[in-house]
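All remarks here apply to the structure that follows.
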2 protein chains.
Amino acid sequence: MSQSERNARVRLVDVARAAGVSKTTVSDALNGAGRLPAATREHVRQVARGLGYRPNATARLLRRGHTRLLGVAAREYVDTPWVYADLAYFSQLTTATTRAALSHGYGVVLLPTSGPEDCWLDMPLDGVFVIDPVAGDPMVGDFLAAGVPVVSDRRALSEAGSGARENGRWVDFDYDGAARQVFDHLEAAGARRIAVVAATATACFHQRSVGTYHDWCAERGREPRIVLLPSPGVQQMLDAVRELLAADVPPDALVTLVEVSPPLLLDTIRRLGRSVPDDLLLVCATEDPAASYTDPPVTTLSFLPGETARAAVDLLVDRIEGRAGDHGRLFSADLRIRSSSAFPGRRPALG
Amino acid sequence: MSQSERNARVRLVDVARAAGVSKTTVSDALNGAGRLPAATREHVRQVARGLGYRPNATARLLRRGHTRLLGVAAREYVDTPWVYADLAYFSQLTTATTRAALSHGYGVVLLPTSGPEDCWLDMPLDGVFVIDPVAGDPMVGDFLAAGVPVVSDRRALSEAGSGARENGRWVDFDYDGAARQVFDHLEAAGARRIAVVAATATACFHQRSVGTYHDWCAERGREPRIVLLPSPGVQQMLDAVRELLAADVPPDALVTLVEVSPPLLLDTIRRLGRSVPDDLLLVCATEDPAASYTDPPVTTLSFLPGETARAAVDLLVDRIEGRAGDHGRLFSADLRIRSSSAFPGRRPALG
DNA sequence: TTGAAAGCGATACCAT
DNA sequence: ATGGTATCGCTTTCAA
């Protein structure tokens, strides 16, 4: 049964035999190569179609020497995998990566964040985009050692050592600048007690942002007010907000670095008897498009998944196809100021 | 340069030469196969490591005869691709598919919904999950013709014809039953003027649900109140709601079949001066976990992306690995009744 | 114009 | 215990 099914699969030689020509002729006819007479070409095509012949993809790949497949791995929650399913940031990033890859003729493989050691090396990839690598991330080193071009961040590349100069490319964010931009903006809007919700995640984004927050507070002699969530989740997020707002001297500004639905957050704050932006200024790090449709519209900090993905893919594809190109791209996050963080009484126009 | 780089890639024979043994011995030593003396094995491993040898994934695949790669294609918005990036349903579905695949040792390739004809056939896949196939979807037929197992829905399989009995498996929803369950529930809660927002999408879900709505209205001699969105998007969605609520005799219940953020929708309705559930009962087809945290919590209709994905992958993997198994699975959508659609005055417990 | 043969790189069989 | 050799299915070079 299984045997007969395997044999049922029509190969190139079968077509050649049936058409009474050689493998070469069949290959050329089907690929539009060579300079065959139109009659032969058509005949071969007829026979191939009749037999239901489809070329074996793997064999062509081996012959071609490349697979036109890019890997994507989101490493932020590498220990509690897949929680990022609900996070708009990762969802948009992988989707944007896929779209960018397709525009270059590449497919995208979603890589495991866990699993047997090295299992990712079994995948026939031309390049890999490792998002939010953890410290000492083995994945980056493994791929570079295997000679597979990698896009990640500068820290991961420098840790990986050899191979990085040749095949490593980077996409970095100015996390420090982004965080300062948020805090400075809130301070300018009158905030003096800024509270933050972040995650105890391994990713650069959280670690750097939290670090910057502490620095920023220290520079001003202010007490940090921060809740670190061990994992994302609506309930945890809302609980953290309640906890922060319940302080004896409540904060006058809130920054959420963990993704949360802006309208839900606004509603929760409202139910706690606080008003945005009058009692509380609000800035959310989120990619949720709903943020601009709430009342008031919510100021957001975006890490530009679309642009990041395109840059990463361009970098990767340039390297794979042997074109010269940049070694990396530095991005600044995009702070979209809306009414939720406006100086009370001086709200920007809606929208 | 390119030449030297290609040659720089260490192959199995290079290791064999360097270690002074044959290719077989290297292969066995590295794969833990054969019965080599521990000394030889260790020596070969040393040499391999020293040379930085990594096996060529494509070559192993060709040899193995399978790739352990599954394709996923979401076809709903095949003409306006990638708009589904923001839709929690597809995001969760692809993520769940990836997780299920990984648990079987398979990777997942995100397939293009557009692009050169047949381009998907160039990918070395062991199986494919075609979500929401369009009418006469060529993708399903192409893969089946190529002998690649496919999971899709029964309609797509029957249209594809030959090859479907052998390699076709299906996952279907009782869309009709789901829609009726929603409308019956709302009617029981007192609704007499149910309005619907749906999409002019090609997917079964929208077409069937809209059809059922019209049938259901006709059976009761009611006038359908429906807005069909040409594409998803926050703005279009909210506009549709405004339009429906602005009717001379406004609806007393609203069903959204296009994904929308429940807290944002609630807020919008509130701003239009209506109260949920007192003036308006609300049911949303959405996978957004925020729905249960709003005030009032929103009744949702879920199409179980997690369970669907797992079923699809199980079906696919059983077929690929030659195990007997079901030919398909029929799912019922999951209606989670919450306060937003409760009989006014008789609200269920919060949560 | 056509076809034979040599790869692509790794693995499995079967001698030794 | 080890190594030669055929094989996976296709593309490409080169000779006829």
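In what follows, chains carry the letters A, B, and so on, assigned in the order in which the sequence lines appear, proteins first and then strands, with residues in each chain numbered from 1.
- A:Thr40 comes within 4.0 angstrom of the backbone, heavy atoms only, and of no base.
- Atom-to-atom, CG of B:Leu62 to C1' of D:dC10 comes out at 9 Å; the value is rounded to the nearest Å.
- Using a 4.0 Å cut-off between charged side-chain N and carboxylate O, B:Glu321 and B:Arg68 make a salt bridge.
- Atom C1' of nucleotide D:dC10 and atom NE2 of A:His66 are separated by 14 Å, given to the nearest angstrom.
- Each of A:Asn56 and B:Lys23 was matched to the nucleotide of DNA chain D holding its nearest heavy atom; the match closer to the 5' end belongs to B:Lys23.
- Residues satisfying the side-chain contact (heavy atoms from CB on, under 4.5 Å) criterion with A:Pro305, sequence neighbours excluded, are A:Tyr89, A:Gln92, A:Leu93, A:Glu287, A:Ser302.
- Atom CG of A:Leu30 and atom P of D:dC10 are 10 Å apart (whole Å).
- Nearest nucleotide to the side chain of B:Pro37, out of D:dT11, D:dT2, D:dG3: D:dT2.
- Nucleotide D:dG4 holds its C1' atom 14 Å from the CG atom of B:Asp28, rounded to whole Å.
- Contacts of A:Thr24 with the nucleic acid, taken as non-hydrogen atoms under 4.0 Å apart, include base atoms.
- One interatomic measurement links the two molecules: CZ of A:Arg17 to P of D:dC10, which rounds to 12 Å at whole-angstrom precision.
- Annotation: the span from A:Arg323 atom CZ to A:Leu315 atom CG amounts to 11.5 Å, rounded to 0.5 Å.
- A:Asp122 and B:Arg60 are joined by a salt bridge, as a carboxylate oxygen and a charged side-chain nitrogen come within less than 4.0 angstrom of each other.
- Atom-to-atom, CZ of B:Arg63 to P of D:dA6 comes out at 13 Å; the value is rounded to the nearest Å.
- Within the helix from C:dT1-D:dA16 to C:dT16-D:dA1, the inter-axis angle between the opening and closing five-pair segments is 50°, rounded to 10°.
- The distance between atom CZ of A:Arg64 and atom P of D:dC8, rounded to the nearest whole Å, is 21 Å.
- Between A:Glu307 and A:Arg329 there is no salt bridge, since no side-chain nitrogen of the basic residue lies less than 4.0 Å from a carboxylate oxygen of the acidic one.
- In this structure, A:Asn31 reaches the sugar-phosphate backbone alone: every heavy-atom distance under 4.0 Å involves primed, P, OP1 or OP2 atoms, never a base.
- Inspection of the B:Asn56 and B:Arg11 side chains reveals no N or O donor paired with an N or O acceptor under 3.5 Å.
- Contacts of B:Val21 with the nucleic acid, taken as non-hydrogen atoms under 4.0 Å apart, involve only primed sugar atoms and P, OP1 or OP2.
- Using a 3.5 Å distance cut-off with no hydrogens or angles, the side chains of A:Ser27 and A:Thr24 do not pair a donor with an acceptor.
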Name the atoms and distances for all side-chain donor-acceptor pairs under 3.5 Å in residues 137-153 of chain B, with sequence neighbours left out.
unit_1, atom_1, unit_2, atom_2, d
B:Asp137, OD1, B:Arg75, NE, 3.2
B:Asp137, OD1, B:Arg75, NH2, 2.8
B:Asp137, OD1, B:Met139, N, 3.0
B:Asp137, OD2, B:Arg75, NE, 2.9
B:Asp137, OD2, B:Val134, N, 3.0
B:Asp142, OD2, B:Trp120, NE1, 3.2
B:Ser152, OG, B:Val130, O, 3.0
B:Asp153, OD1, B:Arg155, N, 3.4
B:Asp153, OD1, B:Ala156, N, 2.9

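- For the OP1/OP2 pair of D:dC10 and a distance below 4.0 Å, the side-chain nitrogens and oxygens of A:Tyr53 include at least one atom meeting the criterion.
- At a threshold of 4.0 angstrom between heavy atoms, the contacts of A:Arg11 are confined to the sugar-phosphate backbone, with no base atom among them.
- In terms of phosphate contacts, A:Ser27 brings no side-chain nitrogen or oxygen within less than 4.0 Å of OP1 or OP2 of D:dC10.
- Between the C1' atom of D:dT12 and the CG atom of A:Leu12 lies a distance of 13 Å, rounded to the nearest Å.
- Between D:dT2 and B:Thr25, no contact under 4.0 Å exists linking OP1 or OP2 to a side-chain N or O.
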